[in-house]
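Notes follow once the structure below has been shown.
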Amino acid sequence: MRDEEASQEAAEIARARAGDTGAFAALVRRHQDRVFGFVLRMTGVREEAMELTQDIFLKAWMALPDWRPEARLSTWLLQIARNAALDVLRRRERVGFSALDALPEVADPAPGPDAKYAGRQRQARLLDALGQIAPEHREILLLREVEDLSYADIGTTLGLTEGTVKSRLARARTALLARYRPLAGDADD
């Protein structure tokens, strides 16, 4: 985040902590896509992710007076999102597993239709493999590879040391590859 954006966000946070709903709405607009994307990838159900994102920002509004300014707001929001997504996944385990077929397709920049189809097939296999690994592996991969958080920020979000983040990330990548390779067949090995 640029210095200008950081100082604007700091001012919005201060006003929101003082009860300014307009300032909080600006913070929501700034962070909602990232939080929604993370929750969608964790839960795999668009409607559920939309509702959960609203709940996350409501929780953030209620907890904002207790927020520690030394923590980055984006990291704090992802921590709330992580906890909410894990709660949903735990409830789902008690009810039963839902397939991840409701995820939106991401456009592949390849020029030809064959390349686009192959890209969608690889993405579907990757999402399928991602849905098969443990939630703690999924969350750390999403925070690093999709949300592009640093090891330190992931550690803050998950309450782990950087060394533990690195080792869990390595185990998560291994678990994902173990699930992906059988789905991909010989063509992608």
Side-chain angles (χ1 to χ4, degrees), residues 1-46 48-91 103-104 106 126-127 130-131 133-173 175-176:
M1 186 180 296
R2 295 186 324 235
D3 290 340
E4 181 180 314
E5 289 174 349
S7 63
Q8 181 180 1
E9 181 172 271
E12 289 168 346
I13 291 169
R15 289 194 325 268
R17 290 181 81 183
D20 183 341
T21 56
F24 186 72
L27 293 170
V28 170
R29 283 189 298 277
R30 181 175 290 125
H31 295 282
Q32 69 186 356
D33 290 344
R34 187 175 203 185
V35 169
F36 172 74
F38 176 76
V39 172
L40 176 61
R41 289 178 189 95
M42 281 295 292
T43 63
V45 180
R46 186 173 194 71
E48 190 173 50
M50 290 171 66
E51 186 174 321
L52 200 53
T53 300
Q54 291 177 357
D55 291 344
I56 289 162
F57 281 106
L58 180 60
K59 286 178 187 176
W61 172 251
M62 302 300 282
L64 194 58
D66 299 325
W67 172 69
R68 298 181 332 269
E70 61 272 8
R72 286 183 29 204
L73 184 69
S74 61
T75 304
W76 181 66
L77 289 170
L78 285 173
Q79 191 172 23
I80 295 170
R82 170 199 182 241
N83 292 336
L86 289 177
D87 286 344
V88 165
L89 293 174
R90 282 186 209 107
R91 281 193 304 269
L103 286 177
V106 177
L126 184 59
L127 288 173
L130 192 61
I133 64 175
E136 55 272 7
H137 287 157
R138 189 178 325 141
E139 72 185 356
I140 203 161
L141 281 169
L142 291 173
L143 290 172
R144 180 66 182 158
E145 305 302 336
V146 176
E147 298 303 327
D148 199 28
L149 293 186
S150 68
Y151 293 129
D153 286 343
I154 294 169
T156 300
T157 301
L158 303 179
L160 304 170
T161 65
E162 279 189 56
T164 303
V165 167
K166 290 176 183 178
S167 66
R168 285 195 184 173
L169 190 55
R171 285 194 303 270
R173 287 176 176 148
L176 182 62

### Flag for S167-T164: side-chain donor and acceptor within less than 3.5 Å
no
## Note on the structure
Distance col, row L77:CG vs Q32:CD, nearest 0.5 angstrom, shows 11.5 Å
### Task
Check step by step if side-chain contact (heavy atoms from CB on, under 4.5 Å) holds for I154 and L160.
CA-CA 8 Å; I154 294 169; L160 304 170; 5.8 Å; no
### Query
Does any non-hydrogen side-chain atom of L149 lie less than 4.5 Å from one of T157?
yes
### Task
State whether F38 and R82 meet the cation-pi test: NZ (Lys) or CZ (Arg) under 6.0 Å from the six-membered ring centroid, and within 45° of the perpendicular axis.
no
### Message
Using a strict threshold of under 4.0 Å (side-chain N to carboxylate O), is an ion pair present between E9 and R30?
### Response
yes
### Query
Quick one: CG on L78 to CZ on R34, what's the gap to the nearest 0.5 Å?
5.5 Å
### Message
With a 4.5 Å cut-off on side-chain heavy atoms, are R41 and E147 touching?
### Response
yes
### Any side-chain heavy-atom pair of D153 and L143 under 4.5 Å
no
### Minimum side-chain heavy-atom gap V28-V35 below 4.5 Å
no
### Query
When you look at CZ of R168, are more than 12 heavy atoms from neighbouring residues, nucleotides or ligands closer to it than 6.0 Å?
no
#### Entry: Non-hydrogen side-chain atoms of V88 and M42 separated by less than 4.5 Å
no
### Distance, nearest 0.5 Å, that separates CG of L176 from CG of L169
10.5 Å
#### Entry: Atom pair NE2 (H137) and CZ (R171), whose distance is rounded to the nearest 0.5 Å
6.0 Å
### Query
Salt bridge between E145 and R173, side-chain N to carboxylate O under 4.0 Å?
yes
### Spatial distance of atom CD1 (I140) from atom CZ (R144) [nearest 0.5 Å]
10.0 Å
Quick one: side chains of residues 52-68, donor-acceptor pairs under 3.5 Å with protein atoms, not counting sequence neighbours, listed by atom name and distance.
from : atom 1 : to  : atom 2 : distance (Å)
T53  : OG1    : A49 : O      : 2.7
R68  : NE     : E70 : OE2    : 3.1

### Query
If you take all heavy atoms of R138 and G131, which pair is closest and at what distance?
NH2-O, 3.5 Å
### Task
Would you indicate whether the side-chain heavy atoms of F24 and R15 approach each other to under 4.5 Å?
no
### Message
I need the T43 OG1 to E48 CD distance, nearest 0.5 Å.
### Response
5.0 Å
### Summary
Closest heavy-atom pair, A23 versus A16, reported as atoms and distance to 0.1 Å, is CB-N, 3.8 Å
